A.B. asks: 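Structure incoming, see below.
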Amino acid sequence: MRPRLWLSTLLVLLVVPASAGAVSGGAVLPIGQAPYVAWLGGRCTGTLISPTRILTAGHCLDRHSASEELLLVGVDGNPLSQKQRLAMAIPVAGYSVHPKFKESFPFAHDDPFDAIAVNDVGLILLKKPITTIKPVRVAGAGDAALEAPGVQANLIGYGKTAPDTMTTVAPTMPLQQATMPLISAGDCALAYPRAIQPSMGCQEDLAHHAPLIQACPGDSGGPVVVPTAAGPVQIGVTSWGAETMNGVCGEKFLPDVYMRVAAFTAFINQKKPVIEPFLKRHRSAAGFGSAASKVVGDRHVGSTLKCIVSAKLGGDPYKLSYTWQYAGAGFVDIRGATKQTLKLTRALYRRLPKRSRRVGCTATAHNAGGSLDMFAGTLPIHP
């Protein structure tokens, strides 16, 4: 699920979406029993589906930079130190998100993070093939029987096993697994009106265990797997659920929604995926250093500011777009300010909060493989 989607909104030189957790009501699954499961920096989960491809949720990749990915396969990264993770990290060539991935808001909520995801699948492309781990088989057109209502499927994921509260942070646990039955699209639509599409599937804890079996922040992108005599078959990618109805994992009797991998065969198996833009910098223990974009120009009323990208980008050809923000209760977009330049008019100055008259910009690089936000931060504006 997406941390609040569960989308993990991450500010790293860029502004990013978030993810779901390590299965409320689950049990520890030794990684040796499912070595194909991938650990994505603790924010999401994925699966090795070929020697050079990891399948995960699109919202786990869109707006993230592939150069900052910390990926482990066949190893549980949660108990490791950061130094150990960096030493064992698998080099990533790039991300590719489904070209029709988007967020949708079919429910009326005050919180903008209560969004569902559509076409929520993505690929992590590896620089070198993994030859020591057998990829999981991904369901195709001939596997409809594995998706019938009542089939018992395993939800697998890294992360948390309970929601955070105002006073406590839920612990991060080893890889978790729990089993729930699949339910019909019609039953799922009763819980989520106007939201369920043919490319989506649902499973639900109909026995109402305590705690309730459900995906949490961190399970996003993880597999929904059906055991067979020939081995596990992945039928889904964990995407969203109770959080879209203002629920927290493990507490509200609502289904988990996954993307049906059989509906995305063409995307998953494409020969040359479009690579989402990424920062051409390499991760180190010290981080990335300077920002990826910046604001230049005189910051006095009457002058014009310009938003420029100061980092080198990789990936396939991209286009740039811009938004400008001011510092209020968080960062608020300035309506209509979507050009590379911003004129500092007297009217704009008066609109800025008196206690913090600061503006900044976000440059977004985007192509069919995804997008990358590069936030420049805010600077004080003077009369």
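Because the structure is a prediction, the values reported are computed rather than measured.
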A.B. asks: Y158 versus I31: any side-chain heavy-atom pair under 4.5 Å?
C.D. replies: yes
A.B. asks: Run the ring-centre check on H64 versus Y95 and record whether the distance is less than 6.0 Å.
C.D. replies: no
A.B. asks: In Å and rounded to the nearest 0.5 Å, what is the CG to CG distance from D205 to L212?
C.D. replies: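 Going from CG on D205 over to CG on L212, the span is 4.5 Å.
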A.B. asks: With no hydrogens and no angle check, is any side-chain donor or acceptor of S67 less than 3.5 Å from a backbone partner on L279?
C.D. replies: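 Side chain of S67 to backbone of L279: a pair is present.
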A.B. asks: Using 30° and 60° as the class boundaries, would you call the ring planes of H98 and F264 parallel, tilted or perpendicular?
C.D. replies: perpendicular
A.B. asks: Would you confirm whether the ring centroid of H366 sits within less than 6.0 angstrom of the ring centroid of Y318?
C.D. replies: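 Between Y318 and H366, the centre distance exceeds or equals 6.0 Å.
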A.B. asks: Over all heavy atoms of both residues, which pair between G315 and F278 is shortest? Give the atoms and the distance, please.
C.D. replies: N-CE2, 3.2 Å
A.B. asks: Side chains of Q152 and T179: any donor to acceptor distance under 3.5 Å?
C.D. replies: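 Per modelled atom types, T179 and Q152 side chains form no pair under 3.5 Å.
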A.B. asks: Taking A292's backbone N and O only, do any of them form a donor-acceptor pair with S310's side chain (distance below 3.5 Å, no angle check)?
C.D. replies: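 Side chain of S310 to backbone of A292, a donor-acceptor pair under 3.5 Å: yes, one is there.
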A.B. asks: Answer yes or no: is there a donor N or O on one side and an acceptor on the other, between the side chain of T265 and the main chain of G140, under 3.5 Å?
C.D. replies: no
A.B. asks: So, E276 versus S371: side-chain donor-acceptor pair below 3.5 Å or not?
C.D. replies: no
A.B. asks: When you compare the side chain of L125 with that of I275, does any pair of heavy atoms fall below 4.5 Å?
C.D. replies: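 I275 vs L125: side chains touch.
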A.B. asks: Please tell me if the side chains of V75 and M88 come closer than 4.5 Å, counting only heavy atoms from C-beta onward.
C.D. replies: yes
A.B. asks: Side chain to side chain contact (heavy atoms under 4.5 Å, CB included) for L348 and I334? Distances and angles first, verdict last.
C.D. replies: CA-CA 9 Å; L348 173 61; I334 299 173; 4.1 Å; yes
A.B. asks: Going by side chain to side chain contact (heavy atoms under 4.5 Å, CB included), name the residues that satisfy it together with R260, two or more places apart in sequence or in a different chain.
C.D. replies: E147, Y258, A262, A263
A.B. asks: Without swapping roles, check the side chain of T338 against the backbone of T323 for a donor-acceptor pair under 3.5 Å.
C.D. replies: no
A.B. asks: For the pair S239 (side chain) and M259 (backbone), establish whether a donor and an acceptor sit closer than 3.5 Å, ignoring hydrogens and angles.
C.D. replies: no
A.B. asks: Ignoring hydrogens and geometry, is there a side-chain-to-backbone donor-acceptor pair from D298 to S303 under 3.5 Å?
C.D. replies: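 Looks like no, no N/O pair under 3.5 Å.
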A.B. asks: One pair to check against side chain to side chain contact (heavy atoms under 4.5 Å, CB included): T364 and L320. What are the steps and the verdict?
C.D. replies: CA-CA 5 Å; T364 301; L320 288 170; over 6 Å; no
A.B. asks: Distance-only, no hydrogens or angles: does the D62 side chain make a donor-acceptor pair with backbone N or O of V97 under 3.5 Å?
C.D. replies: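 Between the backbone of V97 and the side chain of D62 there is no qualifying donor-acceptor contact (under 3.5 Å).
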A.B. asks: Using 30° and 60° as the class boundaries, would you call the ring planes of W240 and Y192 parallel, tilted or perpendicular?
C.D. replies: perpendicular
A.B. asks: Indicate yes or no for a side-chain donor-acceptor contact from E204 to the backbone of L206 under 3.5 Å, with no hydrogens or angles considered.
C.D. replies: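 Checked: no pair found.
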A.B. asks: Main chain of I124, side chain of R53: is a donor-acceptor contact present, judged purely on distance under 3.5 Å?
C.D. replies: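 Not a single qualifying donor-acceptor pair exists.
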A.B. asks: Does the pair I54 and L123 meet the rule for a side chain to side chain contact (heavy atoms under 4.5 Å, CB included), with working shown?
C.D. replies: CA-CA 6 Å; I54 302 292; L123 297 171; over 6 Å; no
A.B. asks: Over all heavy atoms of both residues, which pair between V225 and P223 is shortest? Give the atoms and the distance, please.
C.D. replies: CG2-CB, 3.6 Å
A.B. asks: Run the salt-bridge test on R137 and D143 with the 4.0 Å N-O cut-off and return the result as yes or no.
C.D. replies: yes
A.B. asks: If I compare all heavy atoms of K339 with all of W324, which pair ends up nearest, and what's the gap?
C.D. replies: O-NE1, 2.9 Å
A.B. asks: Measure up the F253 and H208 rings against each other and bin them: parallel (under 30°), tilted (30 to 60°), perpendicular (over 60°).
C.D. replies: parallel
A.B. asks: I'd like to know if the side chain of S96 reaches the main chain of V274, judged simply by a donor and an acceptor atom lying under 3.5 Å from each other, with no hydrogens or angles considered.
C.D. replies: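 Such a contact is found between S96 side chain and V274 backbone.
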A.B. asks: Carefully, step by step, assess W39 and R85 under the rule side chain to side chain contact (heavy atoms under 4.5 Å, CB included).
C.D. replies: CA-CA 10 Å; W39 184 87; R85 294 166 181 166; 3.5 Å; yes
A.B. asks: Once rounded to the nearest 0.5 Å, what's the spacing between atom OG1 of T345 and atom CG of L342?
C.D. replies: 8.0 Å
A.B. asks: Minimum heavy-atom separation for L372 and R63, please, with both atom names.
C.D. replies: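 Between these two residues, the closest heavy atoms are CD1-O, 3.9 Å.
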A.B. asks: Checking T131 now: which residues fulfil side-chain hydrogen bond (donor to acceptor under 3.5 Å, both in side chains) with it, not counting sequence neighbours?
C.D. replies: none
A.B. asks: What about F101 and H59, are their ring centers closer than 6.0 Å?
C.D. replies: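 So the answer is no for these two rings.
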A.B. asks: Honestly, is R357 close enough over Y349, meaning NZ or CZ under 6.0 Å from the six-membered ring centre and within 45° of the axis?
C.D. replies: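 Ring-cation test returns yes.
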A.B. asks: Could you state the interatomic distance from CD1 (I196) to CG (D187), rounded to the nearest 0.5 Å?
C.D. replies: 11.0 Å
A.B. asks: Once you round to the nearest 0.5 Å, how far does CG of D256 lie from CD of Q214?
C.D. replies: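 Between atom CG of D256 and atom CD of Q214 there are 5.0 Å.
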